[in-house]
Amino acid sequence: SIDGSKIDVVIEDLSEEKSGVIDSGSSAAFGTILIWGNDDTVTLKSGKILYGTSNQVAAIATLWGENEGCKIQIEGGQIVRKENSEPGSGVFYTCNSSESQSNVEISISGGEIDYGNGRGIFQDAVIPANSKIISGGTFAQEVAEELCAEGFIPQTNADNTFGVKSGYYYAQIGDVKYESLQDAINAANDGETVKLIKAVTDGSGITIAESKFGTDGLTIDLDRLTYT
């Protein structure tokens with residue numbers, strides 16, 4: 001429990017094995033690590049945090065107050081939900097008693113996260129005003145696009161884990177998004193509509209195969225955006 005303000009806590013295993021574990025067992029409610037004050041910073045660099053016992057809802061939780069200026073930074077290490085543990089638990093629980101959105105700043109730029117069949121990154125509570133927090137790290141579950149930091153999109157890694165990569169989505173067919181207008185056109189079927197969802201300022205032109213769209217054609221919806 002971090003009970004006070006303007007406290008910086010770095011969690012790091014300096015041993016060669018880096019096998020240290022923080023596990024509060026079943027004694028701690030809400031989270032394995034609890035933040036109570038304002039302007040506190042918790043940074044995970046190495047080691048492992050276990051969470052998800054019967055009365056825990058998160059690995060790291062902020063509680064009862066404004067939590068102004070608090071930061072949670074995941075730069076390395078592991079956060080793992082215990083097997084057969086509370087299904088409603090999430091990696092983070094951010095509670096604010098008087099605001100509709102939490103003031104806590106969270107970032108994930110590294111490390112490994114496995115939330116099993118729990119709630120995911122956020123437990124059902126007050127989600128931070130900026131929930132686009134992921135710019136790195138390795139995940140056992142797919143990364144939701146809405147959690148990616150600006151300039152990053154989800155990816156599946158070669159080892160079937162998940163993460164993010166630098167990039168943007170520029171076009172869409174139905175619910176499926178593509179990294180370029182040409183990629184979307186290549187994937188489109190006869191009669192479908194490709195929608196531009198982000199302006200393109202460095203385009204290299206597009207190629208449309210007449211033989212592919214010879215019956216019902218292809219619609220490209222620019223949606224008031226510019227392709228140049």
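Scope of the values below: all heavy atoms of this structure, side chains included, with no hydrogens, waters or symmetry mates. This structure is a prediction, so every number in the text was calculated from the model and none was measured.
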- Assess whether side-chain contact (heavy atoms from CB on, under 4.5 Å) is satisfied between F92 and I106, documenting all intermediate values. CA-CA 9 Å; F92 304 112; I106 301 175; 3.7 Å; yes
Tell me, do [X] and [Y] make a side-chain contact under 4.5 Å, heavy atoms counted?
| X | Y | answer |
| --- | --- | --- |
| I49 | V80 | no |
| S109 | I74 | no |
| V91 | Y51 | yes |
| T193 | L218 | no |
| T228 | D202 | no |
| I108 | I113 | yes |
| P154 | F162 | no |
| T41 | Q73 | yes |

Nearest 0.5 Å, what's the [atom1]-[atom2] distance between [X] and [Y]?
| X | Y | atom1 | atom2 | result |
| --- | --- | --- | --- | --- |
| F139 | L147 | CZ | CG | 8.5 Å |
| E112 | Q78 | CD | CD | 4.5 Å |
| T138 | D159 | OG1 | CG | 7.5 Å |
| N38 | S5 | CG | OG | 4.5 Å |
| K71 | S107 | NZ | OG | 8.5 Å |
| I197 | Y170 | CD1 | OH | 10.0 Å |

Whether [X] side chain and [Y] backbone form a donor-acceptor pair below 3.5 Å:
| X | Y | answer |
| --- | --- | --- |
| E12 | L14 | no |
| D39 | C70 | no |
| Y227 | G205 | yes |
| K165 | T156 | no |
| D13 | S46 | no |
| K48 | K18 | no |
| D40 | K6 | yes |
| S89 | G52 | no |

Work out which heavy atom in [X] is nearest to a heavy atom in [Y]; give both atom names and the distance.
| X | Y | answer |
| --- | --- | --- |
| A61 | F30 | CB-O, 4.1 Å |
| A149 | S135 | CB-CB, 4.2 Å |
| D190 | G217 | OD1-N, 3.0 Å |
| S19 | S15 | N-OG, 4.2 Å |
| V194 | A171 | CG1-CB, 4.1 Å |
| Q172 | D175 | NE2-CA, 3.8 Å |

Under 4.5 Å between side-chain heavy atoms, hopping through other hydrophobics if needed: is there a path connecting [X] to [Y]?
| X | Y | result |
| --- | --- | --- |
| L196 | I208 | yes |
| V164 | Y178 | no |
| I22 | I79 | yes |
| I173 | L225 | yes |
| I35 | I11 | yes |

- Verify side-chain contact (heavy atoms from CB on, under 4.5 Å) between T43 and V9, making sure each step is shown before the conclusion. CA-CA 6 Å; T43 304; V9 177; over 6 Å; no
- Message: I'd like to know if the side chain of Q141 pairs up with that of D114 as donor and acceptor (distance under 3.5 Å, no hydrogens or angles considered).
- Response: yes
- Query: Should K132 and E145 count as an ion pair when the cut-off is N to O under 4.0 Å?
  - Reply: no
- Are any of the side-chain nitrogens in K195 or D223 under 4.0 Å away from the carboxylate oxygens of its partner? yes
- Criterion side-chain contact (heavy atoms from CB on, under 4.5 Å) on E179 and Y169, from CA distance to verdict: CA-CA 4 Å; E179 294 177 61; Y169 290 123; 4.3 Å; yes
- Message: If you apply the rule side chain to side chain donor-acceptor pair (under 3.5 Å), what do you find for Y168 with E150, and how did you get there?
- Response: CA-CA 9 Å; Y168 291 94; E150 177 68 20; 3.1 Å; yes
- Could you walk me through whether L50 and T32 pass side-chain contact (heavy atoms from CB on, under 4.5 Å), step by step? CA-CA 7 Å; L50 296 176; T32 302; 5.7 Å; no
